[in-house]
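Note sheet for the following structure.
The basis for the numbers below is simple: all heavy atoms, side chains too, and nothing from hydrogens, waters or symmetry mates. Below, read A as the first sequence line, B as the second, and so on, with proteins coming before strands; counting in each chain starts at 1. Note that the coordinates shown come from a computational prediction; the quantities given were computed from them, not determined experimentally.
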There are 2 protein chains.
Amino acid sequence: MRLVIAECSVDYAGRLSAHLPLATRLLMIKADGSLLVHSDGGSYKPLNWMSPPCSISLSEPDSDQTDAGVTALWTVTHLKTLDQLVVSIFEVFHDSAHELGIDPGLIKDGAESHLQKLLAEQIHLLGEGFSFVKREYMTAIGPVDILAQDASGASVAVELKRNGDIDGVEQLTRYLELMNRDPHIAPVSGVFAAQTIKPQARKLAEDRGIRCLLLDYDAMRGADDTATRLF
Amino acid sequence: MRLVIAECSVDYAGRLSAHLPLATRLLMIKADGSLLVHSDGGSYKPLNWMSPPCSISLSEPDSDQTDAGVTALWTVTHLKTLDQLVVSIFEVFHDSAHELGIDPGLIKDGAESHLQKLLAEQIHLLGEGFSFVKREYMTAIGPVDILAQDASGASVAVELKRNGDIDGVEQLTRYLELMNRDPHIAPVSGVFAAQTIKPQARKLAEDRGIRCLLLDYDAMRGADDTATRLF
DNA sequence: TTGTTCATGTCGTAC
DNA sequence: GTACGACGTGAACAA
């Protein structure tokens, strides 16, 4: 990895065009040839970048550029899309290279399908008298997250999301349409369950007779811990 | 900005838990206190990070940690969510600080918002006698990109995309359904406008009586430049 | 390889 | 501040 602190301007031409005016920035060149341009603030996202696979080539500035103060030009080209990033370097304040080796990578814990497992175990959250039937109930157009029955024994299809948006409502709508055409299982009602539900998704769901259910992940996990401890 | 190359392990506890085993990495501390942990490959996304607002505190490793080889502990805490990132530092290979100043920021060209602005100004592209009403016209399920009127005064909802795909047609369909149920604005017809329109999207749109309109971004920008120059 | 869904998404913008 | 959609979305996983 090479780290360069330099006064530079940057131009990107690819899926869009973008330009960075002259300023002092960090240029990070990774072992795979990719380049990141970072400022001293903002988020983890670079101001500009080129992802691998790409190649970087150094070239001499022409006389106009030299007159303007450019001392070096880096041209980074993506090998597939041919997107281009051009860094015009005016002054270099720091330049160092470091051997890092390959990284063992990130280990994550506790994300997504956990919620499905918890709701299957705590099916009473759907309401009085509900019973669990199946997780990942297969239909011709994909699996329904959870299939349950209400107190009267009618089928209930549950679509589960962390962040409930319109897409999830559309998905559940398609399942319900299909299942309600199958006399073996119809009638099927729908529940849209998520940790957060956007107002417009809620509106669309309710327009279509789909019930919305907000889930409290921490409470559900807490209940699970308690249950686990008891047995 | 401070740049540290160090052998370290990292633990994150927040919305999820994550762990990085011992390896040599770049630690970037930005002026706002945020921290980025980068390896020498992968994408522009750091292996782990803490976004501002956050504060970083140095602490001494306890005796177990010292025995394991830890020479310093950085604890970065998010000021609002209290997410925590703990960096256990074993050996430092490089440590430098640099003054970058604030960045003037990125100038983008060619995004959807620009296209929206141009079409609002050049509403005649929709057809003879069309007039512009509003950008980002709010409905209960989200904003319609452009609301216009045709020559007869009937409302027209325009959904704008750079690359027109089925999703965009579905989005416009939802708006039209809702708006056509509102007697104050019905009847509303739809126009699906994009720089490129995929064949399936075009078929679906036309099946639903939605007109498709291909936009020539360069021509629209050129017309804009001309108009700007003339006045 | 392609498509689909998730994300500690992040980012801008209108309300 | 909240809500919402776009993003050079990127990344992981299934088919």
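Here the P atom of nucleotide dC7(D) and the CG atom of L160(B) are 10 Å apart, to the nearest Å. Spacing between atom NE2 of H38(B) and atom P of dG10(D) amounts to 15 Å, rounded to whole angstrom units. In this entry the distance linking NZ of K80(B) with C1' of dT2(D) reads 12 Å, nearest Å. When the C1' atom of dT5(C) is taken as reference, atom CZ of R162(A) falls 13 Å away, rounded to whole Å. Whole-Å rounding puts the D165(A) CG to dC4(D) P distance at 8 Å. If you take CD1 of I107(B) and P of dC11(C), they are 18 Å apart, rounded to a whole angstrom. Here dG10(D) presents its C1' atom at 8 Å from OH of Y44(A), a figure rounded to the nearest Å. The OH atom of Y137(B) sits 15 Å away from the C1' atom of dA14(C) (whole-angstrom rounding).
Summarising the geometry of I185(A) relative to M179(A), their closest heavy-atom pair is CG2-O, 3.3 Å, with the distance given to 0.1 Å.
Between K134(A) and E136(A), none of the side-chain N atoms (NZ, or NE/NH1/NH2) sits under 4.0 Å from a carboxylate O, so this pair counts as no salt bridge.
A close approach under 4.0 Å does not occur between any side-chain nitrogen or oxygen of K108(A) and OP1 or OP2 of dA7(C).
At a threshold of 4.0 angstrom between heavy atoms, the contacts of Y12(B) include nucleobase atoms, whether or not backbone atoms are also involved. Counting any heavy atom pair closer than 4.0 Å across all strands shown, I141(B) reaches sugar-phosphate atoms only and no base atom.
Taking the six-membered ring where the residue is Trp, W49(B) and Y44(A) present tilted rings, their angle falling between 30° and 60°.
If K45(B) and K45(A) are placed on DNA chain C by their nearest nucleotide, the residue sitting closer to the 5' end is K45(B).
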